[in-house]
Every structure is written in structure tokens, then in C-alpha cells.
Amino acid sequence: MSRIPIILDCDPGHDDALAIILAAYNPKIDLRGIVTVSGNGAIDKVTYNALSICTLAKISVPVAQGSGVSILGSAEAATDIHGETALDGAPLPKPGFELSKESGIELMARLVRESSEPITIVATGPLTNVAILLKLYPELKSKIKEIVFMGGSASRGNRTPYAEFNIWMDPEATDIVLHSGLKLTMCGLDVTHQALVTKEVFTRLETLKTDLSTTIIGLLKFFAQTYNDVFEMPDPPLHDPVAIAVLIDPSVVSSRFVNVEVELDGKYTRGATVVDIYKREERAANATVALELDAKKFWDLMIDAIEAAGKS
Ligand code: BDR
Ligand code: CA
């Protein structure tokens, strides 16, 4: 079986942490490196969390620190959802290995350049690093197979009424990615709000009984509480691993290839993705947008990965 080489660009973050585990422990994915971006927390916090999760789950891939601010120089944190550390809810180990000396952008560029086959970039945070990579190294575009990102929505938002958090954090970067001409897959709130951590999911995690599953249960209980407090959702959506799951098994979602644009100037709608589901506009399709999730298939993949990681 040929494995899919990927770079994961993330801002851990509860759901990012589980995306790392799914990418590292699913046999169809070849995780070549992890890059961090400011999002759920400041860049030093999310980078620490990436190193800590890799230590906890015994994942040895290079981890490099990416951008600490958006293209326009802004940053904010999602402490209301992910807590002060960006990964509250369970004690995590001190990182057991060093951060890469390369910057996140340099690591991405080198991994893409050195790969003998085109690489897929999966972004589960703001698209800042990806946009910078495409602008600095346009010659590498031909070696990028696809960009899969968690972000946006074909309907409402979660950071503002119409903007999803990752896109809201860096609309200009999103615009660069949407107009890159590369193959794009968007996993927005439409589909990730179907990846709910239900009571049944907690029960499945409890049966694993490993140190890792115990830590994950602690993290997800925190995440469930904040989602309930902020969004009145008793079962929180595990957004980011959906962007890995679509690569492992495309039948996990059903999608439409349509035009997606991002609102840069809206008075109330900056950061909203405008998804032309019914093809009402002349604009050419540029992204495959996942809309429906097979939640059973998704959770089977996620639980299998947590089980495999717990035994490692
Ligand atoms: C996205 O925002 C972050 O808080 C999550 O990690 C996810 O990537 C969901 O809107
Ligand atoms: Ca994220």
C-alpha cells in the first residue's frame, strides 16, 4: 500500500492534537513533519503543545514553529474554547525532544522540495504558513499534490456569526490559498459539526484504558464543557481530524466541487467563506467542499488510531 505523504500545519488545540494522532497512527498516512501556527493560542504555546503531544503519543517527526501573526500582523487566542494553555484539561508531559532549528516555512519548503513524490499539506489552523510558503516558493507548487484545510463554512460561522475561527484569523492568507490554482479540499463547519464527541464516543474511549486514552478523555471533557458553555452544544465537534480522515478514506464525506471565496471587506462578514453550492455565479470552481460526514466511519478511524497510539 502506498502511503500518502503529508505535512500537518496546526495550532494545537484539542482537535489539532487528535489530528496529529490520527495522521501519525493511520497506516495510510505518511506524516513527514508538523508545523505550528498561531491560532488557538500564541505561537509558543501551540508549539509547546505540538511537542508535548508528540512526546505523549511517541510520535517522532520534525516539529517546526511557523508564523506567530497573520499576514496583516494580528493574533488572538481561543482561550474560551481551548483554555489558557490552548490545551487545557489534562496534565501533559514536558517535551522530550527539540524543536526543529528550521522555521516552519523552511521545514515545509524543504520537505516538499526533497520529496520524490508530490506532498499533501493539511492545515488545521489559520492558513498563514501555507500562504507564505506559496508566495515565497512558487516553484514548489508543482510538488504540492493538494491542500486540505479545516476552515470556513457554507453557512454560519463560529468566531463571528458568519466567519469560522481559522479563516477569521487570516482571511488574506485564505484568499491566497483559494486563488493558488492548487487542488483544494475544504472541511468546514458544515461537515465538522457532524463529528461530535458523543457519550458513545466517550464510552468507546473508556474501554481503551491506556494512559493516552485517559489523557484524551480529560482533554475532551474540558473541550465538551467549553463548547457547552459557549455554543450550548453538549457534544463538542472534533473539527480537525476530519481533514485527515478525508485523505485516509474519501468516502468518509460527501462533497461538491464549487467556487469558494473569502470575504475580506464585509462590514459584518470579514472572514466568511462564500461557498457557491448551487453554482449561481460565473466564478470557476476552485475547491472540493465536504458537506456530509459518515460519522461512524470517522470515529472508527479516530478510535483505531488512539488505540494504536496507546499501545506504542
Ligand atoms: C477550528 O478552530 C479551532 O479552534 C479548532 O482547532 C479548529 O481548527 C474550528 O473552527
Ligand atoms: Ca485547529
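Whatever order the structure lists them in is the order used to number ligands and atoms, beginning at 1. Along the sequence shown, residues are numbered consecutively beginning with 1.
- Once rounded to the nearest 0.5 Å, the distance linking OG1 of T226 with CD1 of I81 reads 4.5 Å.
- Hydrophobic clustering (side-chain heavy atoms under 4.5 Å, transitive across Ile, Leu, Val, Met, Phe, Trp, Tyr) keeps I6 apart from I121.
- Note on T124: counted as a metal contact of the Ca ion (ligand 2), an N/O/S atom lying under 3.0 Å.
- Nearest approach of N49 to T85, heavy atoms of both residues: ND2-O, 2.9 Å.
- Residue-level proximity to ligand 1 for D16 is carried by the side chain, the only part with a heavy atom below 4.0 angstrom.
- Of all the atoms in ligand 1, the ones that sit under 4.0 Å from a non-hydrogen atom of H239 are 9 (C).
- Atoms of ligand 1 lying under 4.0 Å from any heavy atom of N166, numbered from 1 in the order shown and given with element: 1 (C), 2 (O), 7 (C), 8 (O).
- Atom OD1 is the N, O or S atom of D11 at the shortest distance from the Ca ion (ligand 2).
- With contacts defined as side-chain heavy-atom distances shorter than 4.5 Å, the pair Y227/N158 qualifies.
- Using 4.0 Å as the threshold, H14 has no heavy atom nearer than that to any atom of ligand 1.
- Under 4.0 Å from ligand 1, the heavy atoms of T124 that appear belong solely to its backbone.
- Only side-chain heavy atoms of N158 come within less than 4.0 Å of ligand 1; its backbone N, CA, C and O stay farther off.
- For the pair D15 and ligand 1, a heavy-atom separation below 4.0 Å is found.
- Side-chain contact check for L134 versus L182: some heavy-atom pair is nearer than 4.5 Å.
- Atom 2 (O) of ligand 1 has its closest protein heavy atom at F165 CD2, 3.4 Å.
- Heavy-atom contacts from other residues, nucleotides or ligands closer than 6.0 Å to NZ of K135 number 12 or fewer.
- Residues T120 and K183 fail the side-chain proximity criterion, which asks for heavy atoms closer than 4.5 Å.
- For the pairing with Y162, the side-chain hydrogen bond (donor to acceptor under 3.5 Å, both in side chains) check across E263, R270, R156 returns one residue only, R156.
- Taking the six-membered ring where tryptophan is involved, the planes of H14 and F222 are essentially parallel, since the angle between them stays under 30° and well short of 60°.
- For atom 10 (O) of ligand 1, the closest heavy atom belonging to the protein is E164 OE2, 2.4 Å.
- Of the protein's non-hydrogen atoms, the one nearest atom 4 (O) of ligand 1 is N40 OD1, 2.6 Å.
- For the Ca ion (ligand 2), the set of nearby N, O or S atoms under 3.0 Å includes one belonging to D240.
- Contacts with ligand 1 closer than 4.0 Å are made by no heavy atom of R159, backbone or side chain.
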Report task. Could you check T185 against E146 for side-chain hydrogen bond (donor to acceptor under 3.5 Å, both in side chains), going step by step and ending with a plain yes or no? Result -> CA-CA 8 Å; T185 297; E146 178 179 3; 2.7 Å; yes

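- For atom 8 (O) of ligand 1, the nearest protein heavy atom (residue, atom name, distance) is D240 OD1, 2.6 Å.
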